[in-house]
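Whatever order the structure lists ligands and atoms in, that order sets their numbers, starting from 1. Nothing fancy with the numbering, it's 1 onward along the sequence.
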Amino acid sequence: MENKEKIKNLIDLRAQAKLGGGEKRIAAQHAKGKFTARERIDMLLDEGSFEELDMFVTHRCNNFGIEKEKYLGDGVVTGHGTIDGRTVYVFAQDFTVFGGSLSETMALKICKVMDMAMNMGCPVIGINDSGGARIQEGVTSLAGYAEIFERNILASGVVPQISAIFGPCAGGAVYSPALTDFIMMTEQNSYMFVTGPKVVKSVTGEDISIEDLGGADVHAGKSGVSHFKVENEEEGLLLIRKLLSYLPQNNLEEAPIFSSNDPIDRLEDSLNEIIPDNPNQPYDMKNVIHAIIDNGEFLEVHRNYARNIIVGFSRLNGASVGIIANQPNFLAGVLDCDSSRKAARFVRFCDAFNIPILTLVDVPGFLPGSGQEYAGIISHGAKLMFAYGEATVPKVTVTLRKSYGGAHDVMSCKQLRGDFNYAWPTAEIAVMGAAGAVEVLEGRAIKSMNDPEEKAKYIAEKVTDYNEKFANPYQAAAYGYIDDVIEPRNTRFRVIRAFQALQTKKVVNPLKKHSNIPL
Ligand code: HXC
């Protein structure tokens, strides 16, 4: 072959690789409302920044006649590119080649970019659209999965890992995304489950559709497996770009700082009015968050799951911050199993990636009852406490209203190494609410009263007494557990100042192999 021909041959081969499983299958992919792997990568990365690797890899399997069917790239597009100028490593499964199923060689390609991302200290983004293990390959496919899982595990807490589910993701294949930091699913075409509807039917007799078993609604709302639900792929890919803007490239770096035009001393009068006089009346904590942060821009994580707690990323004076806030608008902001786990995982993510944590507290306590006890609220609540207590990033806590009992301790209190703990004058920091306290302390006296009117009057007096003594922030402030009681409208300024003062914070946990968080 002459050199000219060699070059033409290369150009032809590249064009062939770019067609994946061929035009017919690309059309079928489009007909489902899905983009191809390369189209997705192009939308995700800065224009023209993608450098593809391993375009000429083909499978090495000789079973069931598959040796006669080979596609350049073998069902996954891998490489690197940039997002807002910062390098990321990507892999996108190509459903047009054997349904994106995972072969030995596909695993090798994915592992290569994961290894490079680790060596370079860059995020890894995986776009999943696959029929699972390549059936013709057998155990080499299973081994390939495990190679990926091990890398997911070792990369955890070193580089951010983000998974987009834009198609099927079933069987053991679900565990790679599950090991990553964030999962997003599209409303229409994505599903995740360990066993599909047919197996479910044969084993348990349950009749259930794919969507009801493992669609985006299920995982974003019920199971909490997915952190984000997006309408379509474009929205998902833009969301990945946005999410990364809050994150550092790796655990040794800080998140990028943006210039902010939102004055740091902006007074927000609405906050002086936001707490209702009636302590049982809810309000929307999101209004508080939006009033404090830069330009009201908040990227909420797990928006549809365990809505009694809010978690997400934002910026204060241009610097990334992770926010955890009880939501009085949903189940009175109570801590239960799901909200504890949700917040614990978020706290740990922030801590792993040097993102300071702002905690806004209005929590009546842990949700009582056998349902929660049987579901392990003790262990789940302990997770959140563990996560806060272990975290060494700057931690600022503002108590807006209720902060009762164990939930007070859990929500980033002073003794769990909260750096600055502020309270609004409306804060109530006590062992329990007044009604419960009076019942315990005055039980004998109350029982001895026969006249119902006298009884009611006595209880009301004691409740008032208790509230005057404890339903305020000043007892905690008298002990220094609250560093200052602040005017609500000044919260943004005080919190930004606090984080500025914490910029040089250096706290190192005791040396150990690893902790034993109550999983
Ligand atoms: C090989 C596969 C494949 C697979 C799909 N294909 N899944 N090839 N191995 N796992 C091929 C099909 O033969 C077809 O080839 C093409 O991909 C598209 O598949 P269709 O069935 O036509 O597409 P669709 O109707 O959209 O259905 C998608 C699907 C279905 C629901 C994913 O293909 C399916 O059920 N696949 C099998 C899923 C499965 O059981 N996987 C193993 C799970 S166990 P042509 O040539 O026609 O284009 C597992 C264990 C992992 O994954 C363990 C890790 C620890």
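Closer than 4.0 Å to atom 22 (O) of ligand 1 lies none of the heavy atoms of the protein. For atom 6 (N) of ligand 1, a protein non-hydrogen atom is found at a distance below 4.0 Å. At least one protein heavy atom sits closer than 4.0 Å to atom 52 (O) of ligand 1. Within a 4.0 Å radius of atom 55 (C) of ligand 1, the protein contributes at least one heavy atom. Counting protein heavy atoms under 4.0 angstrom from atom 12 (C) of ligand 1 gives zero. Within the 4.0 Å cut-off (strictly below), a protein heavy atom is located near atom 39 (C) of ligand 1. Distance screen at 4.0 Å: atom 44 (S) of ligand 1 has no protein heavy-atom neighbour inside the cut-off. Within a 4.0 Å radius of atom 26 (O) of ligand 1, the protein has at least one heavy atom.
The pair Glu390-Arg417 does not meet the salt-bridge criterion, since no charged nitrogen lies less than 4.0 angstrom from a carboxylate oxygen. Glu67 has no carboxylate O lying under 4.0 Å from a charged side-chain N of Arg60, or vice versa, which leaves the two without a salt bridge. Checked for salt-bridge contact, Asp42 and Arg38 miss the test: no charged N lies under 4.0 Å from a carboxylate O. With salt bridges taken as basic N to acidic carboxylate O contacts below 4.0 Å, one links Arg341 and Asp338. Glu104 and Arg134 are not joined by a salt bridge, as no carboxylate oxygen comes within less than 4.0 angstrom of a charged side-chain nitrogen.
For the pair Arg315 and Tyr246, the cation-pi criterion (under 6.0 Å, within 45° of the ring axis) is fulfilled. Both the sub-6.0 Å distance and the 45° axial angle are satisfied by Lys34 relative to the ring of Phe95.
Shown in contact with Gly132 at under 4.0 Å from a heavy atom are these atoms of ligand 1, numbered in order with element: 52 (O). Below 4.0 Å from some heavy atom of Tyr191 lie the following atoms of ligand 1, by number and element: 31 (C). Applying the 4.0 Å criterion to heavy atoms of Lys32 picks out, from ligand 1, the atoms 26 (O). Within the listing of ligand 1, atoms 45 (P), 46 (O), 48 (O) sit less than 4.0 angstrom from a heavy atom of Arg25. Heavy-atom contacts of Gly131 reach the following atoms of ligand 1: 7 (N), 10 (N), 32 (C), 37 (C), 38 (C), 39 (C), 41 (N), 42 (C) (cutoff under 4.0 Å). Near Leu142, the atoms of ligand 1 lying under 4.0 angstrom from a non-hydrogen atom of the residue are 53 (C). Those atoms of ligand 1 that come under 4.0 Å of a heavy atom in Gln136, given as number and element, are 1 (C), 9 (N).
Scanning all protein heavy atoms for the shortest distance to atom 8 (N) of ligand 1 gives Phe98 O, 3.6 Å. In terms of protein heavy-atom proximity, atom 17 (O) of ligand 1 is closest to Gly99 N, 2.9 Å.
Contact between Phe149 and ligand 1 is present, with at least one heavy atom of the residue lying under 4.0 Å from the ligand.
Side chain of Asp294 to backbone of Gly318: a donor-acceptor contact under 3.5 angstrom is found. The main-chain N or O of His302 is found under 3.5 Å from a side-chain atom of Lys342 such that the two form a donor-acceptor pair.
Remark: among candidates Ala173, Gly22, Ser101, the nearest residue to atom 4 (C) of ligand 1 is Ser101, based on non-hydrogen atoms.
Residue contacts with ligand 1, taken as heavy atom pairs separated by less than 4.0 Å, involve Phe95 solely via side-chain atoms from C-beta onward. Contacts of Leu102 with ligand 1, taken as heavy-atom pairs under 4.0 Å, are absent altogether. If you look at Ala133 next to ligand 1, the close heavy atoms, those under 4.0 Å, come from the backbone and the side chain alike.
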task: Check the pair Lys109 / Asp74 against salt bridge (Lys or Arg N to Asp or Glu O under 4.0 Å), numbers first and verdict last.
output: CA-CA 9 Å; Lys109 282 182 68 172; Asp74 198 30; over 6 Å; no
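Residues that satisfy the side-chain contact (heavy atoms from CB on, under 4.5 Å) test with Pro518, not counting sequence neighbours, are Ala382, Phe386.
Here the closest heavy-atom approach between residue Met411 and residue Leu384 is recorded as SD-CD2, 4.2 Å.
Residues in residues 103-132 take part in no ring pair (Phe, Tyr, Trp, His ring centres under 6.0 Å) pair, two or more places apart or across chains.
In summary, the aromatic rings of Phe166 and Phe35 are positioned with their centroids too far apart to meet the 6.0 Å limit.
Between Ile135 and ligand 1, an N or O atom pair is found at a separation short of 3.5 Å.
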